[in-house]
Amino acid sequence: MRLTLEVWRQLDAQTAGMFETYEVPDASEHMSFLELLDHLNESLVRDGQEPIAFDSDCREGICGMCSLVVNGVPHGPQRATTVCQLHMREFNDGDRIVVEPWRAGPFPVIRDLVVDRTSFDRIIEAGGYVAVNTGGAPDANAVPIGKDEADIAFQAAVCIGCGACVAACKNASAMLFVSAKVAQFAHLPQGQPERKRRVRDMVGQMDREGFGGCTNTYDCEGACPKEIPVRFIAEMNRGFLAAKITE
Amino acid sequence: MKATPPLPSLPRPSVPLLSYVTSTIGRKTLVAITGLMLFGFVIMHLAGNLLIYQGPAALNEYAAFLKSKPAVVWAGRIGLLGALSVHLWGTLSLAARNRSARPVGYRMRRTIVSTLSSRTMVLTGFTILAFVVYHLLHFTVGVTHPDHHALVEATATGTRHDVFAMVVAGFREPVVASIYIVAQVMLAVHLSHGVASTVQTLGFNHPTFTPLVKRGGITVAVLLALGNGSIPIAVLAGWIGGNA
(Lines give C-alpha, C1' and ligand atoms only; values in the text may rest on other atoms or scores of the structure.)
Protein backbone atom coordinates (compact mmCIF):
# COMPACT_ATOMS: atom_id res chain seq x y z
CA MET A 1 0.00 0.00 0.00
CA ARG A 2 1.12 3.51 -0.75
CA LEU A 3 0.02 6.02 1.87
CA THR A 4 0.53 9.70 2.57
CA LEU A 5 0.61 10.67 6.24
CA GLU A 6 0.14 14.16 7.60
CA VAL A 7 1.52 13.98 11.11
CA TRP A 8 1.54 16.59 13.87
CA ARG A 9 5.13 17.33 14.92
CA GLN A 10 5.84 19.37 18.03
CA LEU A 11 9.16 19.56 19.89
CA ASP A 12 7.67 20.21 23.36
CA ALA A 13 4.82 21.92 25.20
CA GLN A 14 6.43 25.35 24.79
CA THR A 15 7.16 25.13 21.06
CA ALA A 16 4.48 25.61 18.42
CA GLY A 17 3.81 22.50 16.36
CA MET A 18 3.01 21.93 12.70
CA PHE A 19 1.96 19.20 10.29
CA GLU A 20 4.63 17.34 8.32
CA THR A 21 3.80 15.19 5.31
CA TYR A 22 5.39 11.74 4.92
CA GLU A 23 5.12 9.25 2.07
CA VAL A 24 5.00 5.57 3.00
CA PRO A 25 5.38 3.68 -0.29
CA ASP A 26 5.52 0.14 1.09
CA ALA A 27 2.94 -0.24 3.87
CA SER A 28 1.35 -3.64 4.40
CA GLU A 29 -2.35 -4.09 5.01
CA HIS A 30 -1.46 -6.48 7.84
CA MET A 31 0.32 -3.73 9.80
CA SER A 32 -1.41 -2.19 12.77
CA PHE A 33 -1.53 1.59 12.71
CA LEU A 34 1.25 1.76 15.29
CA GLU A 35 3.37 -0.66 13.23
CA LEU A 36 2.91 1.69 10.29
CA LEU A 37 4.36 4.49 12.44
CA ASP A 38 7.21 2.14 13.57
CA HIS A 39 7.89 1.40 9.91
CA LEU A 40 7.90 5.10 9.04
CA ASN A 41 10.13 5.87 12.04
CA GLU A 42 12.70 3.29 10.93
CA SER A 43 13.03 5.05 7.60
CA LEU A 44 13.19 8.45 9.34
CA VAL A 45 16.01 7.21 11.59
CA ARG A 46 17.84 5.75 8.55
CA ASP A 47 17.63 9.19 6.95
CA GLY A 48 19.00 10.83 10.10
CA GLN A 49 15.67 12.47 11.05
CA GLU A 50 13.91 12.54 14.41
CA PRO A 51 11.39 9.70 14.70
CA ILE A 52 7.76 10.54 15.44
CA ALA A 53 6.99 10.26 19.16
CA PHE A 54 3.76 8.44 20.03
CA ASP A 55 2.45 6.57 23.07
CA SER A 56 2.05 2.80 23.12
CA ASP A 57 2.44 -0.04 25.57
CA CYS A 58 0.53 -3.32 25.42
CA ARG A 59 -0.50 -3.06 21.75
CA GLU A 60 -3.36 -5.42 22.44
CA GLY A 61 -6.05 -2.89 23.21
CA ILE A 62 -6.17 -3.08 27.00
CA CYS A 63 -3.65 -0.62 28.43
CA GLY A 64 -5.02 2.72 27.27
CA MET A 65 -1.69 4.22 26.23
CA CYS A 66 -2.20 4.62 22.49
CA SER A 67 -3.86 7.91 21.71
CA LEU A 68 -3.98 9.05 18.11
CA VAL A 69 -6.69 10.99 16.33
CA VAL A 70 -6.77 9.39 12.88
CA ASN A 71 -8.65 11.28 10.18
CA GLY A 72 -10.58 13.26 12.76
CA VAL A 73 -11.67 10.33 14.96
CA PRO A 74 -9.92 9.27 18.20
CA HIS A 75 -8.46 5.76 17.67
CA GLY A 76 -9.45 5.95 14.00
CA PRO A 77 -12.44 4.91 11.94
CA GLN A 78 -13.08 1.44 13.37
CA ARG A 79 -15.58 1.47 16.23
CA ALA A 80 -14.77 -0.14 19.60
CA THR A 81 -11.10 -0.47 18.66
CA THR A 82 -7.97 1.13 20.06
CA VAL A 83 -5.62 2.55 17.44
CA CYS A 84 -3.06 -0.20 18.21
CA GLN A 85 -5.68 -2.74 17.09
CA LEU A 86 -6.59 -0.74 14.00
CA HIS A 87 -5.10 -2.40 10.94
CA MET A 88 -4.15 -0.87 7.63
CA ARG A 89 -6.65 -3.08 5.81
CA GLU A 90 -9.22 -0.54 7.02
CA PHE A 91 -7.61 1.93 4.61
CA ASN A 92 -7.20 2.04 0.85
CA ASP A 93 -4.10 2.22 -1.29
CA GLY A 94 -3.30 5.88 -1.99
CA ASP A 95 -5.13 7.22 1.10
CA ARG A 96 -4.10 10.45 2.77
CA ILE A 97 -4.26 10.06 6.55
CA VAL A 98 -4.17 12.90 9.07
CA VAL A 99 -2.67 11.93 12.44
CA GLU A 100 -3.08 14.29 15.40
CA PRO A 101 -2.66 14.07 19.17
CA TRP A 102 -5.60 14.27 21.63
CA ARG A 103 -6.57 17.94 21.73
CA ALA A 104 -7.58 19.30 25.13
CA GLY A 105 -6.23 21.95 27.49
CA PRO A 106 -5.85 19.41 30.33
CA PHE A 107 -3.91 17.12 27.91
CA PRO A 108 -0.91 19.29 26.92
CA VAL A 109 1.32 17.91 24.18
CA ILE A 110 4.62 16.60 25.52
CA ARG A 111 6.06 15.85 22.09
CA ASP A 112 4.58 15.14 18.64
CA LEU A 113 1.63 12.79 19.29
CA VAL A 114 2.30 12.22 23.00
CA VAL A 115 0.09 14.10 25.44
CA ASP A 116 0.29 14.45 29.22
CA ARG A 117 -2.72 12.68 30.76
CA THR A 118 -1.75 13.07 34.43
CA SER A 119 -4.92 15.17 34.85
CA PHE A 120 -6.74 11.81 34.74
CA ASP A 121 -4.40 10.46 37.44
CA ARG A 122 -5.21 13.44 39.67
CA ILE A 123 -8.95 12.78 39.24
CA ILE A 124 -8.37 9.17 40.35
CA GLU A 125 -6.25 10.39 43.28
CA ALA A 126 -9.15 12.60 44.35
CA GLY A 127 -11.37 9.59 45.10
CA GLY A 128 -11.23 6.84 42.49
CA TYR A 129 -10.35 4.09 44.94
CA VAL A 130 -11.61 2.19 47.99
CA ALA A 131 -9.65 3.26 51.08
CA VAL A 132 -11.61 1.51 53.84
CA ASN A 133 -10.06 -1.46 55.58
CA THR A 134 -11.73 -4.52 54.10
CA GLY A 135 -9.56 -7.04 55.93
CA GLY A 136 -7.88 -9.98 54.23
CA ALA A 137 -8.96 -11.37 50.89
CA PRO A 138 -12.51 -12.68 51.46
CA ASP A 139 -13.68 -16.08 50.32
CA ALA A 140 -15.01 -16.10 46.81
CA ASN A 141 -18.74 -15.30 46.79
CA ALA A 142 -18.67 -14.41 50.51
CA VAL A 143 -20.12 -11.03 49.54
CA PRO A 144 -23.05 -11.83 47.26
CA ILE A 145 -23.50 -9.35 44.40
CA GLY A 146 -26.39 -9.67 41.97
CA LYS A 147 -25.48 -10.64 38.43
CA ASP A 148 -27.07 -7.46 36.98
CA GLU A 149 -25.17 -5.19 39.35
CA ALA A 150 -21.90 -7.05 38.79
CA ASP A 151 -22.35 -6.71 35.03
CA ILE A 152 -22.97 -2.96 35.29
CA ALA A 153 -19.93 -2.49 37.53
CA PHE A 154 -17.85 -4.44 35.04
CA GLN A 155 -19.21 -2.43 32.11
CA ALA A 156 -17.82 0.68 33.86
CA ALA A 157 -14.61 -1.01 35.02
CA VAL A 158 -13.49 -1.85 31.47
CA CYS A 159 -12.51 1.84 31.05
CA ILE A 160 -8.81 1.88 30.16
CA GLY A 161 -8.46 5.62 30.81
CA CYS A 162 -7.16 6.37 27.34
CA GLY A 163 -8.91 9.74 27.06
CA ALA A 164 -10.60 9.14 23.70
CA CYS A 165 -13.85 10.45 25.24
CA VAL A 166 -12.18 13.79 25.95
CA ALA A 167 -10.56 13.84 22.51
CA ALA A 168 -13.88 13.16 20.76
CA CYS A 169 -16.03 15.55 22.80
CA LYS A 170 -16.61 18.92 21.18
CA ASN A 171 -16.23 20.40 24.68
CA ALA A 172 -13.20 18.32 25.70
CA SER A 173 -15.29 17.01 28.58
CA ALA A 174 -14.08 14.14 30.76
CA MET A 175 -17.55 13.16 31.98
CA LEU A 176 -17.55 9.66 30.45
CA PHE A 177 -14.18 8.77 32.00
CA VAL A 178 -15.05 10.17 35.43
CA SER A 179 -18.53 8.63 35.43
CA ALA A 180 -17.11 5.17 34.62
CA LYS A 181 -14.55 5.48 37.42
CA VAL A 182 -17.32 6.53 39.82
CA ALA A 183 -19.76 3.84 38.67
CA GLN A 184 -17.35 0.90 38.91
CA PHE A 185 -17.46 1.31 42.72
CA ALA A 186 -20.97 2.72 43.07
CA HIS A 187 -22.42 -0.62 41.94
CA LEU A 188 -20.40 -2.74 44.37
CA PRO A 189 -20.80 -3.07 48.16
CA GLN A 190 -17.11 -2.24 48.69
CA GLY A 191 -17.70 1.18 47.13
CA GLN A 192 -20.62 2.22 49.34
CA PRO A 193 -18.91 3.79 52.42
CA GLU A 194 -17.12 6.40 50.28
CA ARG A 195 -19.74 6.68 47.57
CA LYS A 196 -20.75 10.29 48.17
CA ARG A 197 -17.36 11.77 48.83
CA ARG A 198 -15.96 9.89 45.83
CA VAL A 199 -18.31 11.45 43.30
CA ARG A 200 -18.07 14.86 44.97
CA ASP A 201 -14.26 14.93 45.03
CA MET A 202 -13.72 13.40 41.58
CA VAL A 203 -16.14 15.84 39.92
CA GLY A 204 -14.50 18.69 41.83
CA GLN A 205 -11.07 17.64 40.57
CA MET A 206 -12.44 17.18 37.02
CA ASP A 207 -13.67 20.78 37.06
CA ARG A 208 -10.41 22.07 38.54
CA GLU A 209 -8.42 20.40 35.75
CA GLY A 210 -10.25 22.56 33.19
CA PHE A 211 -12.19 19.91 31.26
CA GLY A 212 -15.34 21.16 29.51
CA GLY A 213 -18.89 20.35 30.53
CA CYS A 214 -21.21 17.72 29.07
CA THR A 215 -23.72 18.81 26.44
CA ASN A 216 -25.05 15.29 25.85
CA THR A 217 -23.81 15.00 22.25
CA TYR A 218 -22.49 11.47 23.01
CA ASP A 219 -19.52 11.40 20.61
CA CYS A 220 -17.60 10.14 23.68
CA GLU A 221 -19.65 6.93 23.64
CA GLY A 222 -19.03 6.56 19.91
CA ALA A 223 -15.27 7.03 20.32
CA CYS A 224 -14.83 4.84 23.41
CA PRO A 225 -12.82 1.73 22.45
CA LYS A 226 -14.55 -0.08 25.33
CA GLU A 227 -18.05 1.14 24.38
CA ILE A 228 -18.77 2.59 27.81
CA PRO A 229 -22.33 3.92 27.71
CA VAL A 230 -23.39 7.47 28.60
CA ARG A 231 -25.88 6.10 31.13
CA PHE A 232 -23.01 6.35 33.61
CA ILE A 233 -22.97 10.11 33.03
CA ALA A 234 -26.65 10.31 34.00
CA GLU A 235 -25.86 8.19 37.06
CA MET A 236 -23.04 10.53 38.01
CA ASN A 237 -25.27 13.61 37.58
CA ARG A 238 -27.72 11.99 40.00
CA GLY A 239 -25.04 10.85 42.44
CA PHE A 240 -23.30 14.23 42.44
CA LEU A 241 -26.54 16.04 43.32
CA ALA A 242 -27.29 13.52 46.08
CA ALA A 243 -23.78 13.98 47.49
CA LYS A 244 -24.06 17.78 47.41
CA ILE A 245 -27.53 17.91 48.98
CA THR A 246 -26.48 15.77 51.92
CA GLU A 247 -23.10 17.49 52.30
CA MET B 1 -11.80 -9.05 60.93
CA LYS B 2 -11.12 -5.68 62.56
CA ALA B 3 -14.07 -3.28 62.39
CA THR B 4 -13.46 -0.31 60.11
CA PRO B 5 -13.64 2.97 62.02
CA PRO B 6 -16.46 5.21 60.77
CA LEU B 7 -15.42 7.80 58.22
CA PRO B 8 -15.25 11.41 59.44
CA SER B 9 -18.29 13.36 58.27
CA LEU B 10 -17.94 15.55 55.20
CA PRO B 11 -17.09 19.20 55.86
CA ARG B 12 -20.09 21.52 55.71
CA PRO B 13 -20.02 24.20 53.01
CA SER B 14 -20.55 27.81 54.13
CA VAL B 15 -23.36 28.37 51.62
CA PRO B 16 -25.37 25.17 50.98
CA LEU B 17 -25.27 24.01 47.35
CA LEU B 18 -23.22 27.02 46.19
CA SER B 19 -20.44 24.71 45.04
CA TYR B 20 -23.09 22.60 43.30
CA VAL B 21 -24.55 25.37 41.16
CA THR B 22 -21.08 26.61 40.20
CA SER B 23 -19.86 23.12 39.18
CA THR B 24 -20.20 22.11 35.53
CA ILE B 25 -22.80 19.47 36.45
CA GLY B 26 -24.77 21.85 38.66
CA ARG B 27 -24.91 24.60 36.06
CA LYS B 28 -26.01 22.12 33.43
CA THR B 29 -28.75 20.91 35.80
CA LEU B 30 -30.01 24.49 36.16
CA VAL B 31 -30.00 24.77 32.36
CA ALA B 32 -32.07 21.57 32.19
CA ILE B 33 -34.60 22.66 34.83
CA THR B 34 -35.08 26.13 33.32
CA GLY B 35 -35.21 24.56 29.86
CA LEU B 36 -38.08 22.35 31.01
CA MET B 37 -39.88 25.42 32.42
CA LEU B 38 -39.55 27.23 29.09
CA PHE B 39 -40.63 24.04 27.28
CA GLY B 40 -43.75 23.90 29.47
CA PHE B 41 -44.54 27.49 28.60
CA VAL B 42 -44.12 26.82 24.88
CA ILE B 43 -46.68 23.99 25.12
CA MET B 44 -49.19 26.21 26.96
CA HIS B 45 -48.57 28.97 24.45
CA LEU B 46 -49.32 26.58 21.59
CA ALA B 47 -52.58 25.54 23.27
CA GLY B 48 -53.60 29.21 23.40
CA ASN B 49 -52.51 29.82 19.81
CA LEU B 50 -54.57 26.94 18.48
CA LEU B 51 -57.74 28.71 19.67
CA ILE B 52 -57.36 30.76 16.47
CA TYR B 53 -58.82 27.78 14.60
CA GLN B 54 -62.03 28.21 16.63
CA GLY B 55 -62.43 31.72 15.28
CA PRO B 56 -62.15 35.32 16.51
CA ALA B 57 -64.49 34.96 19.50
CA ALA B 58 -62.55 32.11 21.16
CA LEU B 59 -59.13 33.69 20.71
CA ASN B 60 -60.17 37.20 21.73
CA GLU B 61 -62.07 35.91 24.72
CA TYR B 62 -59.00 33.97 25.88
CA ALA B 63 -56.85 37.10 25.42
CA ALA B 64 -59.35 39.20 27.40
CA PHE B 65 -59.40 36.53 30.11
CA LEU B 66 -55.60 36.70 30.43
CA LYS B 67 -55.73 40.52 30.52
CA SER B 68 -58.24 40.35 33.37
CA LYS B 69 -55.71 38.47 35.51
CA PRO B 70 -52.69 40.81 35.55
CA ALA B 71 -51.25 39.32 38.72
CA VAL B 72 -51.11 35.84 37.17
CA VAL B 73 -49.73 37.14 33.86
CA TRP B 74 -47.03 39.19 35.54
CA ALA B 75 -46.05 36.33 37.85
CA GLY B 76 -45.71 34.16 34.74
CA ARG B 77 -43.68 36.80 32.92
CA ILE B 78 -41.31 37.32 35.83
CA GLY B 79 -40.95 33.56 36.26
CA LEU B 80 -40.20 33.10 32.56
CA LEU B 81 -37.72 35.97 32.55
CA GLY B 82 -35.99 34.43 35.56
CA ALA B 83 -35.91 30.98 33.92
CA LEU B 84 -34.60 32.48 30.68
CA SER B 85 -31.89 34.42 32.54
CA VAL B 86 -30.66 31.32 34.37
CA HIS B 87 -30.89 29.28 31.12
CA LEU B 88 -28.73 31.89 29.34
CA TRP B 89 -26.26 32.33 32.20
CA GLY B 90 -25.75 28.57 32.52
CA THR B 91 -25.36 27.86 28.82
CA LEU B 92 -23.18 30.85 28.02
CA SER B 93 -20.83 30.38 30.97
CA LEU B 94 -20.54 26.66 30.15
CA ALA B 95 -20.08 27.32 26.43
CA ALA B 96 -17.23 29.73 27.16
CA ARG B 97 -15.62 27.14 29.43
CA ASN B 98 -16.12 24.42 26.83
CA ARG B 99 -14.43 26.47 24.13
CA SER B 100 -11.43 27.26 26.32
CA ALA B 101 -11.09 23.55 27.23
CA ARG B 102 -9.62 22.96 23.75
CA PRO B 103 -7.16 25.80 23.07
CA VAL B 104 -5.65 24.07 20.01
CA GLY B 105 -8.28 22.65 17.65
CA TYR B 106 -8.17 19.68 15.31
CA ARG B 107 -7.20 20.02 11.69
CA MET B 108 -9.66 17.29 10.83
CA ARG B 109 -12.59 16.46 13.06
CA ARG B 110 -15.35 13.98 12.32
CA THR B 111 -18.37 13.54 14.50
CA ILE B 112 -19.24 9.97 15.40
CA VAL B 113 -22.78 9.67 16.76
CA SER B 114 -23.68 13.26 17.69
CA THR B 115 -26.61 14.93 15.96
CA LEU B 116 -26.52 18.30 14.22
CA SER B 117 -29.14 19.62 16.65
CA SER B 118 -26.99 18.67 19.66
CA ARG B 119 -24.02 20.57 18.25
CA THR B 120 -25.93 23.73 17.30
CA MET B 121 -27.82 24.49 20.53
CA VAL B 122 -26.18 27.90 21.01
CA LEU B 123 -26.95 28.91 17.41
CA THR B 124 -30.57 27.73 17.48
CA GLY B 125 -31.00 29.13 20.99
CA PHE B 126 -29.86 32.60 19.98
CA THR B 127 -32.05 32.53 16.87
CA ILE B 128 -35.04 31.69 19.07
CA LEU B 129 -34.10 34.44 21.54
CA ALA B 130 -33.88 36.99 18.71
CA PHE B 131 -37.26 35.78 17.46
CA VAL B 132 -38.82 36.06 20.94
CA VAL B 133 -37.68 39.69 21.16
CA TYR B 134 -39.19 40.40 17.73
CA HIS B 135 -42.36 38.46 18.60
CA LEU B 136 -42.87 40.50 21.80
CA LEU B 137 -42.30 43.78 19.92
CA HIS B 138 -44.76 42.61 17.26
CA PHE B 139 -47.72 41.20 19.21
CA THR B 140 -47.22 42.14 22.88
CA VAL B 141 -45.78 45.66 22.83
CA GLY B 142 -46.97 46.56 19.32
CA VAL B 143 -43.84 48.38 18.21
CA THR B 144 -43.26 46.85 14.78
CA HIS B 145 -46.87 47.07 13.54
CA PRO B 146 -48.70 49.62 15.78
CA ASP B 147 -51.65 49.67 13.38
CA HIS B 148 -52.23 45.92 13.81
CA HIS B 149 -51.83 46.14 17.55
CA ALA B 150 -54.43 48.93 17.82
CA LEU B 151 -57.20 46.81 16.25
CA VAL B 152 -60.22 46.43 18.54
CA GLU B 153 -63.36 44.37 18.42
CA ALA B 154 -66.77 45.63 19.61
CA THR B 155 -68.40 43.63 22.41
CA ALA B 156 -71.69 44.00 24.30
CA THR B 157 -70.00 46.05 27.02
CA GLY B 158 -67.50 48.02 24.94
CA THR B 159 -64.41 47.05 22.95
CA ARG B 160 -61.57 44.57 23.41
CA HIS B 161 -58.20 43.92 21.84
CA ASP B 162 -58.78 42.08 18.52
CA VAL B 163 -55.98 39.52 18.72
CA PHE B 164 -57.45 37.50 15.84
CA ALA B 165 -57.40 40.46 13.45
CA MET B 166 -53.91 41.43 14.63
CA VAL B 167 -52.53 37.95 13.94
CA VAL B 168 -54.22 37.74 10.54
CA ALA B 169 -52.99 41.20 9.52
CA GLY B 170 -49.46 40.34 10.67
CA PHE B 171 -49.23 37.00 8.89
CA ARG B 172 -50.64 38.34 5.64
CA GLU B 173 -47.23 39.91 5.20
CA PRO B 174 -45.09 37.09 3.74
CA VAL B 175 -41.86 38.40 5.31
CA VAL B 176 -43.41 38.40 8.80
CA ALA B 177 -44.95 34.97 8.22
CA SER B 178 -41.63 33.51 7.08
CA ILE B 179 -39.84 34.88 10.16
CA TYR B 180 -42.34 32.99 12.30
CA ILE B 181 -42.01 29.80 10.26
CA VAL B 182 -38.19 29.85 10.34
CA ALA B 183 -38.29 30.45 14.10
CA GLN B 184 -40.51 27.39 14.52
CA VAL B 185 -38.04 25.26 12.55
CA MET B 186 -35.25 26.51 14.84
CA LEU B 187 -37.39 25.74 17.89
CA ALA B 188 -38.00 22.21 16.62
CA VAL B 189 -34.26 21.66 16.07
CA HIS B 190 -33.44 23.10 19.51
CA LEU B 191 -36.02 20.96 21.31
CA SER B 192 -35.30 17.78 19.35
CA HIS B 193 -32.03 17.66 21.31
CA GLY B 194 -33.08 19.72 24.32
CA VAL B 195 -36.01 17.70 25.65
CA ALA B 196 -34.21 14.34 25.82
CA SER B 197 -31.02 16.07 26.96
CA THR B 198 -32.71 17.47 30.09
CA VAL B 199 -33.71 13.95 31.11
CA GLN B 200 -30.09 12.74 30.88
CA THR B 201 -28.80 15.81 32.72
CA LEU B 202 -31.31 15.32 35.52
CA GLY B 203 -29.84 11.85 35.97
CA PHE B 204 -32.25 9.49 34.25
CA ASN B 205 -31.02 7.03 31.67
CA HIS B 206 -32.60 3.66 31.16
CA PRO B 207 -32.02 1.08 28.41
CA THR B 208 -35.75 0.90 27.61
CA PHE B 209 -37.02 4.38 28.39
CA THR B 210 -34.18 6.58 27.12
CA PRO B 211 -34.72 5.68 23.44
CA LEU B 212 -38.45 6.36 23.96
CA VAL B 213 -37.68 9.74 25.57
CA LYS B 214 -35.44 10.60 22.60
CA ARG B 215 -38.15 9.74 20.09
CA GLY B 216 -40.80 11.43 22.23
CA GLY B 217 -38.74 14.62 22.49
CA ILE B 218 -38.29 14.80 18.73
CA THR B 219 -41.99 14.06 18.15
CA VAL B 220 -43.14 16.77 20.55
CA ALA B 221 -40.65 19.24 19.05
CA VAL B 222 -41.94 18.58 15.54
CA LEU B 223 -45.60 18.72 16.63
CA LEU B 224 -44.98 22.04 18.38
CA ALA B 225 -43.40 23.53 15.28
CA LEU B 226 -46.17 22.17 13.05
CA GLY B 227 -48.86 23.51 15.37
CA ASN B 228 -47.38 26.99 15.60
CA GLY B 229 -46.09 27.08 12.04
CA SER B 230 -49.49 26.06 10.66
CA ILE B 231 -50.97 29.41 11.74
CA PRO B 232 -48.97 31.75 9.46
CA ILE B 233 -49.34 29.18 6.67
CA ALA B 234 -53.11 29.03 7.19
CA VAL B 235 -53.35 32.83 7.15
CA LEU B 236 -51.25 33.10 3.97
CA ALA B 237 -53.39 30.40 2.35
CA GLY B 238 -56.58 32.20 3.36
CA TRP B 239 -57.86 29.37 5.57
CA ILE B 240 -57.87 31.71 8.55
CA GLY B 241 -59.41 35.18 8.12
CA GLY B 242 -60.31 34.54 4.49
CA ASN B 243 -58.50 35.96 1.48
CA ALA B 244 -57.22 39.52 1.76
Side-chain angles (χ1 to χ4, degrees), chain A residues 6 8 17 19 69 71-73 77 79 98 100 103-106 109 132-136 166 168-173 175 193-194 196-197 200 203-204 206-207 210-219 221-223 229-241 243-247, chain B residues 1-7 9-13 16-17 19-29 31-32 90-91 93-95 97-115 118-119 121-122 193-194 196-207 210:
Chain A
E6 290 181 44
W8 180 261
F19 280 94
V69 174
N71 281 344
V73 179
R79 293 282 286 270
V98 179
E100 295 174 77
R103 298 283 192 199
V109 171
V132 291
N133 182 6
T134 54
V166 175
C169 175
K170 79 176 179 67
N171 309 323
S173 171
M175 291 279 279
E194 293 159 301
K196 285 180 178 171
R197 63 173 52 213
R200 182 199 64 176
V203 170
M206 171 186 85
D207 281 356
F211 290 101
C214 180
T215 51
N216 303 331
T217 61
Y218 306 151
D219 273 335
E221 187 181 276
V230 294
R231 60 165 289 184
F232 292 128
I233 295 180
E235 250 186 60
M236 182 165 73
N237 290 339
R238 205 165 64 215
F240 184 63
L241 176 62
K244 283 289 185 182
I245 282 177
T246 54
E247 196 167 55
Chain B
M1 193 173 106
K2 206 166 62 184
T4 306
L7 290 162
S9 57
L10 297 170
R12 282 204 175 274
L17 291 179
S19 63
Y20 179 72
V21 294
T22 50
S23 69
T24 52
I25 292 179
R27 265 183 284 173
K28 181 76 179 168
T29 306
V31 170
T91 43
S93 67
L94 283 173
R97 182 196 169 94
N98 295 347
R99 262 194 303 280
S100 64
R102 179 163 291 136
V104 181
Y106 289 107
R107 172 164 181 179
M108 186 190 258
R109 184 171 183 274
R110 285 202 186 135
T111 56
I112 306 163
V113 295
S114 64
T115 58
S118 76
R119 299 191 304 269
M121 292 299 276
V122 173
H193 171 72
S197 180
T198 59
V199 178
Q200 165 86 3
T201 298
L202 293 175
F204 301 101
N205 188 308
H206 187 275
T210 296

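Letters A, B, ... mirror the listed sequences (proteins, then strands); counts begin at 1. Note: hydrogens, waters and symmetry copies are ignored here, and every other heavy atom, side chains too, is used.
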Hey, is the main chain of Met108(B) close enough, under 3.5 Å, to the side chain of Glu100(A) for a donor-acceptor pair? yes
Measure from the side-chain N and O atoms of Asn237(A) to the backbone N and O of Thr201(B), and report whether any donor-acceptor pair falls under 3.5 Å. yes
Do you know which of Thr91(B), Val31(B), Val199(B), Ile25(B) has the most heavy-atom pairs with chain A at a distance under 4.5 angstrom? Ile25(B)
So, the part of Tyr218(A) with a heavy atom under 4.5 Å from chain B: the answer is both
Side chain, backbone, both or neither: which part of Glu6(A) has a heavy atom under 4.5 Å from chain B? side chain
Counting only N and O atoms by type, is there a donor-acceptor contact under 3.5 Å from the side chain of Arg109(B) to the main-chain atoms of Ala168(A)? yes
Below 4.5 Å from any heavy atom of chain B, which atoms of Val230(A) appear? Answer side chain, backbone, both or neither. both
Is it the case that the side chain of Arg103(A) and the backbone of Arg107(B) share a donor-acceptor pair, with hydrogens and angles ignored and the cut-off at 3.5 Å? no
If only atom types and distance count, is the side chain of His193(B) paired as donor or acceptor with the main-chain N or O of Thr215(A) below 3.5 Å? yes
Residue pair Arg79(A) / Val113(B), side-chain heavy-atom distance below 4.5 Å: yes
Please determine whether side chain to side chain donor-acceptor pair (under 3.5 Å) holds for the pair Thr111(B) and Asp219(A), giving the CA-CA distance in whole Å, both sets of side-chain angles, and the decisive distance to 0.1 Å. CA-CA 7 Å; Thr111(B) 56; Asp219(A) 273 335; 5.0 Å; no
Has the side chain of Asn98(B) got a donor or acceptor atom that lies under 3.5 Å from a matching backbone atom of Gly212(A)? no
Partner chain B: residue of Ser173(A), Gly204(A), Gly105(A) with the largest heavy-atom pair count (under 4.5 Å): Gly105(A)
Which one wins on heavy-atom pair count under 4.5 Å against chain A: Arg110(B), Gln200(B), Arg119(B), Met121(B)? Gln200(B)
Per-residue tally against chain A (heavy atom, under 4.5 Å) across Ser118(B), Gly26(B), Gly203(B), Ser197(B) peaks at Gly203(B)
Looking at Thr24(B), is its backbone amide N or carbonyl O close enough to the side chain of Asp207(A) to form a donor-acceptor pair, meaning the two atoms are under 3.5 Å apart? yes
Max heavy-atom pairs within cutoff under 4.5 Å with chain B, candidates Gly239(A), Gly210(A), Pro229(A), goes to Gly210(A)
Pick from Asn71(A), Val109(A), Val166(A) with the largest number of heavy-atom pairs that fall under 4.5 Å of chain B: Asn71(A)
Donor-acceptor check, side chain of Arg97(B) to backbone of Phe211(A), threshold 3.5 angstrom: yes or no? yes
List the steps and the verdict of side chain to side chain donor-acceptor pair (under 3.5 Å) for Lys244(A) and Ser19(B). CA-CA 8 Å; Lys244(A) 283 289 185 182; Ser19(B) 63; 2.7 Å; yes
Residue from Arg99(B), Arg27(B), Lys28(B), His206(B) scoring the most non-hydrogen pairs under 4.5 Å with chain A is Lys28(B)
With a 4.5 angstrom heavy-atom cut-off, is it the side chain or the backbone of Met206(A) that approaches chain B, or both, or neither? both
